[in-house]
Amino acid sequence: MSNQFDIDNVSKLASIELEETEKNKLSQDLSIILEHVQAISNLEFDISVDEVFIHPLEKQLNLQEDVVEEFLTHEEALSNAPESKDGKFIVPPSME
Amino acid sequence: MQYNPTIGIETHVELKTNSKMFCRCKVVDTEEPNVSLCPTCLGLPGALPVPNKKAIEFITLLALSTNCKITKQGMFHRKNYFYPDLPKNYQISQFDLPVGINGSLKIVLNDQEAEVAIERVHMEEDTGKSTHMGTGRIDSATSTALDFNRSGVPLVEIVTKPVLKTSLEAVAYIEELRQLVLDLGISEGKLEKGNLRFDANISVANSESDVLGTKVEIKNMNSLRSLERAIDYEIERQIKALNNGEIIAQETRHWDEGKEVTKPMRSKEGSADYRYFSDPDIPNMVLDEEFVNIIKSKMPKLPYQKRLELMQTGLSIGEANILSKSNDWIVKLFHDVYSTTKNSSSTYNWITGELQGQMRKVEINELPSWFKADSLSEIINLIESNKISFSSGKVILAALLVKNVTPYDVAKEQNLFQENDSEKILQIVKNVITENSEVVVRIKNGEDKLIGFLVGLIIKSSGGSINPSIAKDLLSKELEE
Amino acid sequence: MRIENKSIREINSLFQKKEIKPSELYKQVFENTAQSESVLHAHLKLFEEDNLNKVKLSDERYIKNKSLGLLDGIPIAIKDNINLKGYETTCSSKMLSNYISPYSATVINKLDEQQVLYTGKTNLDEFAMGSSTENSAYGLTRNPWNTECVPGGSSGGSAASVAARSSIAALGSDTGGSIRQPASFCGLVGFKPTYGTVSRFGLIAFASSLDQIGPITKYVDDTRIIYHSIRGFDPKDATSVSDKPVIIPSNKTAKVGVIKELMEEGVSEDAKNEVEKIIKLLKAQGIEVIEVSLPLIKLAISIYYLIAPAECSANLARFDGVRYGLRADGKTSYEMMERTRAQGFGSEVKRRILLGTYALSAGYFDAYYGKALLARKKMIDEFNQIFKQVDYLISPTTPTQAFKAGEKTSNPLEMYMSDLCTIPANLAGLPSISIPTGLSKEKLPLGVQIISKALTDDSLLDFSEMIEKEVAFKEEPSDWIK
Ligand SMILES: [Mg+2]
Ligand SMILES: [Zn+2]
C-alpha cells in the first residue's frame, strides 16, 4: 500500500486549517512515520477486530444505575464560554 | 416506464430514563437552557462516559420485542464529525456490534397484517440544540445559540431494511413503533416533542430492474402528516427526474414544511467519513443469557398481541388495530364490557364512538371513579334486550359521566324503559287509528311515509316509553286488515 | 539531612513527633523553588500563597494529634493535565491558556481527603504528547542534573519539581512512558500502575486505553503511599477496575526475566550495563534470572503510534472553541473551529491528530488502526505466556540517558524511539516502575524498569523496594542550584 497522504482531506476531517508550509512539513513527517508503521499493515492475524476487547485487561463494562446527580450549576457550565447570551453558548452561524 | 419506490426508515426514539445516557444529569424538559449539565455531557476536558443501565435494559426490551437477535458482546463506538452542538465532536453510538440485528415488526396495512423487516436497533446519545439567530431565516443567520440540556440523552435508533413501498406503509410502521415504545414503557412517545424522530431513505427503480435506485435521505419530518407528504413528494420528484433522463444524486434533502417540497441540504464538506472506532473509554458490553432472560421476564403485552386478543372477540383487524393504539384503560374497558355483553361490535362502537365523544364534550380525559365497566355493559344489554331505546342509552351514559348513579336508576327516574307488552301497545295503536281515520285512508291510498307520522303519535301518546319497532309492526298489521 | 530529602514516612513521623511543622517543610520547598524555577521552569503555576491557610490547619492537626494520615501536610506537585477545581488546566497548550476547571479529578478528591498540599501545576509536553517537555506552549523544562538536558517527558515538569526538591512527590500521567522516562532521566522512582486501578476521571485524555496516572517520587515507599491513596474503583470511570490486588512472590523466591528484545541494538551500553548490574545483584540474592523473548515488542512503537494517535484524534476533537478555551475568528462555526484548532495546537499535537485521523479514515482503517488492535492483542497474549514462567520482567527504562534539549526535535521518529522500552507495558495495561540505579560518566541518572502482571502492583512495589535497598542510590542533583 502506498502512503499517498491526502493532507487536505485529512486536515479537513480533523478540522484543522493548515498553511502551505505547514502542510508540506506535516506531509513529510507523516510519510516518515507511516513508513515506519508499515510493518504492521503487512502482518496477518488469526483473529478479527470484533474479537478484541477494548480494555487492555479485557474487562467487561459495568453499567451505572439510572440515578440523577447534580454536577455543574448553570453558571459553572457557562463559566469558560468564549461567548454567551441569554444562558446559551454563542458561535458563528453553523448553517452555511 | 414503470417505477417501484423503495423506502427505509430510520427512527430515533428518546428513552424515558431519569438520567442521561453516559452521565447522571437529569433528563429535563425545559426551555431554560444549559441547566442540566456536567463535565461529561458538556464535553469538558477530562470527563468520561459511563453507560446507563436502565437505557440498556430499555433497548434490550425493544430489540427483543422486535424479534431482533441480541448481540452478546456489544460495543460502543465513536462516530466522528465536527458540529458545534456535538460537544465532544464525536457521538457515542454503535457501529458493527449493535444491541439487536435482523428483527421484524408486525404492522397493520390496509386492514391486513404486514411485517416490516428491521435491520438493526442500536444505542446512541443525543446532541445539543442549535438555534439559528439573526434574520429569522436559517440561511441568513448571524449566529447560532447552543443549549446542551439535550446533550447525552439516550436515544435508540431503529433502522428498517429498505422494504417499505408506500408512504402509508411508512405511516403505519411509525404508528406501530410508537405504540410499541409506549407499551414497553421506554419512551414518552410524543412526536410533537421529538421523542420519536424519523428520517426516510427513498429510492425508485425501474420495475424491470432488480437493483435499487439511488438512495436519497429525507430529514426534518416532524409529524406523520409530513412523513406521508414528504415521501409522496420525493417519489414523484424522482420519477419525474428519471423520466426526464436525469440522474438522481445521492444526497440528503430537507422537507420544507411550509412549501411542502424536499430541498437539497447544503452538504458538509466532503462525503461523510465518520471514522468509527470502538470507544476506548467504554469496555465491551456483555449482554449474556441471564441478562436477556431477566429482560424477557419484564416484557409486557405487545401491540400485536393486544390486537390478536381483540380480534378473538370478533373485531375486524382494522377495529382491533385502532383499539390497540388507544389508551390502556380503553382496551381494558373493552375487554371488561365485552366479557358481559359478548357483543364485540356494539361494545366497540359504544366505546370508540359514543363514550369517547361524550367524554370530549364534558372535557374529561379519564372515566370518573364511580364509572364501572358493568355500567356500560348494562346500558348495552338494556338496548340489546329492547328495554330502552338507543337514544335513551346515550342519555343514561351522559348522566353516568357526571354523577354517581346506576343506569337502572337513570332509566327509572327519567322514565326511559320501553313498553314491550304487545297487548298494551296494540290498545294504543288501535286508539291512534281510530282518532286519525283520514290519515289511515291516505296511507291506504299509497302515502306510505305517513306511517312514520302515526308511529310518532303512538310513541308520543305513550309518553315515549313504547318500543318503536314493536309499535311499527303492530301498526302495519292493523293497517293491512 | 535536609527534611525535603527524607521519605514521606519519615517526614510524617517528624510531624507527629512535632519536631517539625508542615508549614516549615512547605516554606522550605518554596525556597528551593525560588532558587531553581527561573532556570528549570518545572511549573506552570505555583500555589504558595493559595495554601497558607491549609498549611496552618495542617500544623494545628499535628499539634492536636489529629492528623489525617501519612500525606497530611505533604507538598505534592500536580501535572497540568489533571483538573483541580477552580484552577487553570492548560495541558501546556495555547488551546487552554485560560481554561479554569469547574471540577476536580477523582485522584485530587482522594488526595484532598488527606489534606495534601499542592505546590503547583507542572509543565508537560502539550497534551502529554512528547518525551522531553520541549513541546510546551509555555517553554521547555530543564533537567535538574544538567540544565542543558531535557528532564524527559511528558511529565518532565513533575520529575524536575521532585528532583529539585520543589515538592516531595508529584503526580504524572503515563501513556507510553511519560512517568517512567522522566523519572529515569531525573534519578527518581516513576510508577505506572495497572491500567484501571487509578481513576482517569479528570485527567485530560491523550489516549484513553493507555493513559494512567501515577506518582513520581524519590523513594519506592513514597510511591506506595501515594498509589494507595489514589487507587480504587471509580464509578465515574467505566474503565476503572474493582479487582483485588494479586500477590506474587517479592522475595528470594521470585523469578525474573530479562527481555531479550530490549537488550539489543537501539539501547545504549550504559543502559544495558545498569540492567546487568541489577541482574548480578538479584542473582547474588539467590533470585533466578532468565532471558525471555517477546517478539512482538519489536513492533510496540508502531502499534503505539497508530493506537495512541487514533484515540487522540477523537479525544482532542472537543477542543473547538465552542464552549471553552481559545476561540479564533471565523465567518461560520466550521471556519471558527478549523482556525481555533490551527492556532491552539502545537505541531506535535497536530502531527498526531492527523496521523490518527488518517489511520481511522475510510480505506485505511483495516491496514492501520485495525491491524494495530490485533497486534496489540497478540502482544498481550505474549506477555500472558511469559508471566507463566516469571514473576517480573526487567529492562532498561530508556534506551539512553537524558539527552540535550533540541537534540531530537527535528526528527519525530527519533524522539518516539526514546519510549521503546516503556510503551509495551501501556499497550498491555501492566504495572511498571522505573527505579534509579546509578549515574553515567556524564553524571546523568540511569534507571531500570520492572514490569509485572496486571494487578500485582503491590508485589511489584515490594520487589522494587528490595532492589532499591540493595542499590542504595543516594546521589542528588545539584545543577539546579543557582
Ligand atoms: Mg443515529
Ligand atoms: Zn451530564
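Chain naming here is simple, since letters A, B, ... match the order of the sequence lines and numbering starts at 1 in each.
- Other residues, nucleotides and ligands place more than 12 heavy atoms under 6.0 Å from the NZ atom of K23(A).
- Interface summary for chain A: among P412(C), A454(C), S101(C), the most heavy-atom pairs under 4.5 angstrom belong to P412(C).
- Using a 4.5 Å cut-off between heavy atoms, S347(C) touches chain A through its backbone atoms (N, CA, C, O) alone.
- Here OH of Y416(C) is found 4.0 Å from CD1 of I33(A). Values are rounded to the nearest 0.5 Å.
- Between E22(A) and K350(C), at least one side-chain nitrogen of the basic residue sits less than 4.0 Å from a carboxylate oxygen of the acidic one, meeting the salt-bridge criterion.
- A 4.5 Å side-chain heavy-atom check between D366(C) and V49(A) finds every atom pair outside the cut-off.
- For A14(A) against T357(C), the heavy-atom pair with the smallest separation is CB-OG1, 3.6 Å.
- Within the 4.5 angstrom heavy-atom criterion, atoms from both the backbone and the side chain of L43(A) approach chain C.
- With values rounded to the nearest 0.5 angstrom, S94(A) atom OG is found 9.5 Å from M336(C) atom CE.
- Of the options V322(C), T332(C), D320(C), a side chain to side chain contact (heavy atoms under 4.5 Å, CB included) to V91(A) is made by V322(C) and by none of the others.
- Contacts of residues 72-80 of chain A with chain C at a heavy-atom distance below 4.5 Å involve L72(A), E76(A), N80(A), listed in sequence order.
- In terms of the salt bridge (charged side-chain N to carboxylate O under 4.0 Å, His left out) criterion, D329(C) has no residue partners (sequence neighbours excluded).
- A pairwise comparison of heavy atoms in L57(A) and V241(C) identifies CD1-CG1, 4.3 Å as the closest pair.
- Looking at L18(A), only its side chain comes within 4.5 Å of chain C, counting heavy atoms on both sides.
- Nearest heavy atoms, G325(C) versus P82(A): O-CG, 3.8 Å.
- In this structure, the side-chain hydrogen bond (donor to acceptor under 3.5 Å, both in side chains) partners of S209(C), at least two apart in sequence or on a different chain, are E311(C), R376(C).
- For K378(C), the salt bridge (charged side-chain N to carboxylate O under 4.0 Å, His left out) partners are D46(A), not counting sequence neighbours.
- Put simply, OG on S361(C) and CG on N9(A) are 7.0 Å apart, with the number rounded to the nearest 0.5 Å.
- For E58(A), the part lying near chain C is the side chain, with the backbone staying farther off; criterion is any non-hydrogen pair under 4.5 Å.
- In this structure, no portion of S84(A) lies under 4.5 Å from any heavy atom of chain C.
- In this structure a side-chain-to-backbone donor-acceptor pair under 3.5 Å is missing from H36(A) to S302(C).
- The contact between F233(C) and chain A is made entirely by side chain atoms (from C-beta outward), counting heavy-atom distances below 4.5 Å.
- In this structure, the portions of R351(C) lying under 4.5 Å from any heavy atom of chain A include both its backbone and its side chain.
- In this structure, the portion of F71(A) lying under 4.5 Å from any heavy atom of chain C is its side chain and not its backbone.
- Annotation: the span from I7(A) atom CD1 to Y358(C) atom OH amounts to 10.5 Å, rounded to 0.5 Å.
- Only the side chain of L30(A) comes within less than 4.5 Å of a heavy atom in chain C; its backbone stays farther off.
- Between Y195(C) and H55(A), the closest side-chain pair of non-hydrogen atoms falls below 4.5 Å.
- When heavy atoms are compared at a cutoff of 4.5 Å, E69(A) approaches chain C solely by way of its side chain, counted from C-beta outward.
- The part of L61(A) that comes within reach of chain C is its side chain, from C-beta onward, which places non-hydrogen atoms under 4.5 angstrom from that chain.
- Here S242(C) contributes atom OG and K59(A) contributes atom NZ; the two are 7.5 Å apart, rounded to the nearest 0.5 Å.
- Scanning both residues, L354(C) and V10(A), for their nearest heavy atoms gives O-CG1, 3.4 Å.
- Note: L306(C) CG to L34(A) CG = 7.5 Å, rounded to the nearest 0.5 Å.
- Contact annotation for A317(C): neither backbone nor side-chain heavy atoms come within less than 4.5 Å of a heavy atom of chain A.
- Using a 4.5 Å cut-off between heavy atoms, L427(C) contacts chain A through its backbone alone, with no side-chain atom that close.
- By the neighbour-count criterion of 12 heavy atoms within 6.0 Å, atom CD of E70(A) is sparsely surrounded, having that number or fewer from other residues, nucleotides or ligands.
- For a residue to count as touching a neighbouring chain, one of its non-hydrogen atoms must lie under 4.5 Å from one of that chain's; by this rule L413(C) touches chain A with the side chain only.
- Nearest approach of I40(A) to A372(C), heavy atoms of both residues: CG2-N, 3.9 Å.
- Among all heavy-atom pairs drawn from Q64(A) and P235(C), the shortest one is NE2-O, 3.5 Å.
- Heavy atoms closer than 4.5 Å to chain A are found nowhere in Y304(C), neither backbone nor side chain.
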Test log, rule side-chain contact (heavy atoms from CB on, under 4.5 Å), inputs E338(C) and K12(A): CA-CA 8 Å; E338(C) 286 179 345; K12(A) 202 84 204 168; 3.2 Å; yes

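- Checking side-chain atoms of Y368(C) against main-chain N and O of S41(A) turns up no donor-acceptor pair under 3.5 Å.
- Each of I301(C), L316(C), I100(C), L455(C) has some count of heavy-atom pairs under 4.5 Å with chain A, and the biggest count is that of I100(C).
- For K85(C), the part sitting under 4.5 Å from any heavy atom of chain A is the side chain, from C-beta outward, and nothing else.
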